Amino acid sequence: MGHLDHAAFGWLTPVLSYVMACIGAALGLRCTVRALATTGRSRRNWLLTAASAIGTGIWTMHFVAMLGFRVSGTDIRYDVPLTILSLVVAMVVVSVGVSVVGHSKDRNRALLLGGLTTGLGVASMHYLGMAAVRLHGGVTYDPVLVGLSVLIAVVAATAALWAGLNIKSPLTVTLASLVMGAAVSSMHYTGMFAVKVRVTPSGEVLPGATAMQFIFPLAVGLGSFLFLTCAFVALSPTAGEREASASAQRPVQGTAG
């Protein structure tokens, strides 16, 4: 049985992955708040941005944490197509969940359906990411911890969607994102503690890419996307600000006429 190290770089990867999860959650919540204050095409665009932020944040959290994953007695590689598929699943399923909540008139029913769909999608992303791991040996899972990780994912997703519907102020969004980041991180490490590896020593070269060859550059790219989107959202006027600006201009235009 190989010894598993989930934090080969100490606290660096757990803390950094938590930060990425919080950023994705905060950005997603802010975009959802913007979406609910608009209608039509604008609402759709804000909801898509929210889903992209949440999905990207969750995926980046997972694979930043995986940078610290080591198994004694074997190298680790990642199947590139499966890894990319896990990102696509995260984005698509979160988009479905956010859209269901954002467009439905029955908010309670939509919240339950969206939370279940998004939570199962997050769990699928995690275990697809784990299926992409290539090493010398076999990987098995503790079914109880797997079930617990899926439950945490569903609860976290439902809470995130509820916060998007009910939390408006920047301070409460920040607090909610910290809680959401903790929930996503808990789901990840619960799933990782379910992993057991039986190493089979071999001199064969493993297929796939190393974490530094593929995961690290992709995580940096997606992290940059999150920060740039944060700047865009921060600089974009809210519906209230646009209305106030339009109201301030009306007397001037009336005087000129």
Side-chain angles (χ1 to χ4, degrees), residues 19-61 87-122 124-125 153-184 187 222-247:
V19 169
M20 298 309 297
C22 290
I23 291 173
L27 183 55
L29 291 178
R30 288 302 297 159
C31 290
T32 303
V33 170
R34 297 286 186 92
L36 295 177
T38 61
T39 57
R41 188 174 182 180
S42 181
R43 170 173 287 198
R44 184 199 64 191
N45 291 340
W46 278 116
L47 288 174
L48 287 174
T49 305
S52 298
I54 296 172
T56 300
I58 292 171
W59 188 95
T60 306
M61 177 273 142
L87 173 60
V88 173
V89 166
M91 301 281 279
V92 170
V93 178
V94 172
S95 295
V96 171
V98 170
S99 295
V100 166
V101 171
H103 291 292
S104 177
K105 294 180 180 179
D106 186 347
R107 292 289 173 83
N108 291 329
R109 181 180 178 184
L111 186 61
L112 293 175
L113 180 59
L116 179 62
T117 302
T118 304
L120 292 177
V122 169
S124 299
M125 178 280 300
V154 172
V155 171
T158 304
L161 294 175
W162 177 88
L165 291 174
N166 296 281
I167 291 176
K168 307 300 180 185
S169 74
L171 177 59
T172 50
V173 165
T174 300
L175 293 175
S177 67
L178 294 176
V179 175
M180 237 58 80
V184 172
M187 179 268 160
L222 292 174
S224 300
F225 162 77
L226 283 178
F227 282 108
L228 289 173
T229 308
C230 278
F232 168 76
V233 172
L235 294 173
S236 297
T238 63
E241 290 170 342
R242 286 195 299 269
E243 184 177 343
S245 177
S247 298

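Worth knowing before you read on, the calculation uses all heavy atoms, side chains too, and leaves out hydrogens, waters and symmetry mates. In this text the structure is predicted, and so the values were computed from the model without any measurement.
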(request) Mind running side chain to side chain contact (heavy atoms under 4.5 Å, CB included) on Thr117 and Val93 for me, showing each step along the way? (result) CA-CA 7 Å; Thr117 302; Val93 178; 3.9 Å; yes
(message) Between Val96 and Val100, does the side chain to side chain contact (heavy atoms under 4.5 Å, CB included) criterion hold? Intermediate values first, please.
(response) CA-CA 6 Å; Val96 171; Val100 166; 4.3 Å; yes
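Leu112 CG to Trp162 CH2: the interatomic distance, rounded to the nearest 0.5 Å, is 13.5 Å. With rounding to the nearest 0.5 Å, the separation of OG in Ser42 from CG in Leu47 is 9.5 Å. Put simply, CE on Met61 and CE on Met125 are 8.5 Å apart, with the number rounded to the nearest 0.5 Å. Rounded to the nearest 0.5 Å, atoms CG (Leu175) and CE (Met180) are 10.5 Å apart. With rounding to the nearest 0.5 angstrom, the CG atom of Asn108 is 12.5 Å from the CG atom of Leu113. Rounding to the nearest 0.5 Å places CG of Leu48 at 9.5 Å from CE of Met91.
Leu161 pairs by the side chain to side chain contact (heavy atoms under 4.5 Å, CB included) definition with Val98, Val101, Leu111, Thr118, not counting sequence neighbours. With sequence neighbours left out, Thr174 forms a side chain to side chain contact (heavy atoms under 4.5 Å, CB included) with no residue at all.
Scanning both residues, Ala156 and Ala183, for their nearest heavy atoms gives CB-CB, 3.6 Å. Between Gly121 and Val89, the shortest heavy-atom distance links the atoms O-CG1, 3.9 Å. Contact record, Ala21 with Gly181: CB-CA, 3.9 Å, taken as the closest heavy-atom pair. Pairing each heavy atom of Trp46 with each of Ala35, the nearest pair is CB-CB, 3.5 Å. Of all heavy-atom pairs between Gly28 and Ile54, the closest is CA-CG1, 3.7 Å. Nearest heavy-atom pair, Gly55 versus Ala90, reported as atom, atom and distance to 0.1 Å: O-CB, 4.0 Å.
Between the side chain of Thr56 and the backbone N or O of Ala53 there is no donor-acceptor pair closer than 3.5 Å.
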